[in-house]
Amino acid sequence: MAASPGAHLILGVTGASGMHASRLLVEKSSWPIDLVTSRWGREVAGTEIGGIDAIEAKAARVFAPDDLYAPLSSGSVPSAGMVVLPCSAHTLAQMAAGLGDSLITRAAHCQMKERRPLIVCLREAPLTLIDLENARRIAAAGAVIMPMCPPFFMFAGSDPQSVSMDALLEAFVDRVLALVGQQAARTWEDVR
């Protein structure tokens, strides 16, 4: 489904590790970003990347996680889709249960009901049977489950000691944005 002209990409940041990937997504997105960060997402960002400020500064709009009056709460407001990156098992469970008591889960619900892309970048390992069932439920409702697993094949032939975490996460973010419709800078064909 093509995004409406002027549509924004929604980014939900939850309290799981992997904040550098969120920062890269904001930097690499061809769409303006509507950012919502959970309370625990702010805490983890403080630990991992020195705070959420750098990500917020690059977002087009920033919304409070409890602002259920925000435009993202309505399916009638167009979007290019939504990425939850990183997605905690807690937020996954809330989405699977159909809860919309935070702006992140309400916006995710809107994406599913409007049949827009919802990419859930689960950052949890190992997974419990409950996590797998929750992932199955939202996948059945139209979400794409994209675990935070870099596309290692993009570095075939590289010395593993020379591949940085930044490069791995950048390749992962390119794959995530491709799922929403942005052409990836490089694909498997470019490296084989």
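The first residue in the sequence is number 1, and the count goes up from there.
Looking at heavy atoms from C-beta onward, Asp101 lies in side-chain contact with Gln94 at the 4.5 angstrom threshold. Side-chain atoms of Glu48 and Ser17, non-hydrogen and from C-beta on, do get closer than 4.5 Å to each other.
Rounded to the nearest 0.5 Å, atoms CG (Leu118) and CG (Leu179) are 11.0 Å apart. Interatomic distance, NE2 of His20 versus CE of Met165, reported as 6.0 Å (0.5 Å rounding). The distance from atom SG of Cys87 to atom CZ of Arg123, rounded to the nearest 0.5 Å, is 11.5 Å. Within the model, atoms CG of Asp174 and NZ of Lys28 stand 4.0 Å from one another, a figure rounded to the nearest 0.5 Å.
Val180 and Val13 fall within the same hydrophobic cluster, defined by Ile, Leu, Val, Met, Phe, Trp and Tyr side-chain heavy atoms under 4.5 Å apart, directly or through other members. Residues Met82 and Phe172 are members of separate hydrophobic clusters, defined by side-chain heavy-atom contacts under 4.5 angstrom among Ile, Leu, Val, Met, Phe, Trp and Tyr. Placement of Ile10 and Ile33 in two distinct hydrophobic clusters is found when ILVMFWY residues are connected by side-chain heavy-atom separations under 4.5 Å, directly or transitively. Linking ILVMFWY side-chain heavy atoms closer than 4.5 Å, directly or via other members, places Val120 and Leu129 in two distinct hydrophobic clusters. Note: the hydrophobic cluster containing Leu72 does not contain Ile55 (ILVMFWY, side chain heavy atoms under 4.5 Å, direct or indirect links).
The two atoms that bring Asp131 and Ala89 nearest to each other are OD1-CB, 3.6 Å, heavy atoms only. Contact between Ser73 and Asp67 at its shortest, heavy atoms only, is OG-O, 4.2 Å. Shortest non-hydrogen contact noted between Ala108 and Met95 is CB-SD, 3.4 Å. Nearest heavy-atom pair, Gln111 versus Ser79, reported as atom, atom and distance to 0.1 Å: OE1-OG, 2.8 Å. Among all heavy-atom pairs drawn from Glu170 and Leu24, the shortest one is N-CD1, 3.6 Å. Heavy atoms only, all atoms of each residue included: Ser29 and Leu9 are closest at OG-CD2, 3.9 Å.
The environment of Ile130 atom CD1 is sparse: at most 12 non-hydrogen atoms of other residues, nucleotides or ligands sit within 6.0 angstrom. Other residues, nucleotides and ligands place no more than 12 heavy atoms under 6.0 Å from the CZ atom of Arg175.
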task = Could you go through the side-chain contact (heavy atoms from CB on, under 4.5 Å) check for Met19 and Thr47 one step at a time?
result = CA-CA 9 Å; Met19 293 297 162; Thr47 300; over 6 Å; no
task = Carefully, step by step, assess Ile52 and Val62 under the rule side-chain contact (heavy atoms from CB on, under 4.5 Å).
result = CA-CA 11 Å; Ile52 199 73; Val62 177; over 6 Å; no
task = Step by step, work out the side-chain contact (heavy atoms from CB on, under 4.5 Å) result for Thr91 and Ser38.
result = CA-CA 10 Å; Thr91 303; Ser38 73; 5.9 Å; no
ask   = Does the pair His90 and Thr14 meet the rule for a side-chain contact (heavy atoms from CB on, under 4.5 Å), with working shown?
value = CA-CA 9 Å; His90 176 79; Thr14 74; over 6 Å; no
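Remark: the Thr37 side chain and the Arg42 side chain contain no N/O donor-acceptor pair separated by less than 3.5 Å. Between the side chains of Ser30 and Gln182, at least one donor N or O lies within less than 3.5 Å of an accepting N or O.
Between Leu25 and the options Ile119, Val176, Leu169, a side-chain contact (heavy atoms from CB on, under 4.5 Å) holds for only Val176.
Remark: His109 engages no residue in a side-chain hydrogen bond (donor to acceptor under 3.5 Å, both in side chains) (not counting sequence neighbours). Applying the salt bridge (Lys or Arg N to Asp or Glu O under 4.0 Å) test to Glu133 and every residue at least two apart in sequence or in another chain returns Arg136.
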Side-chain donor-acceptor pairs under 3.5 Å in residues 141-157, sequence neighbours left out?
none

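A donor-acceptor contact shorter than 3.5 Å links the side chain of Ser22 to the backbone of Leu85.
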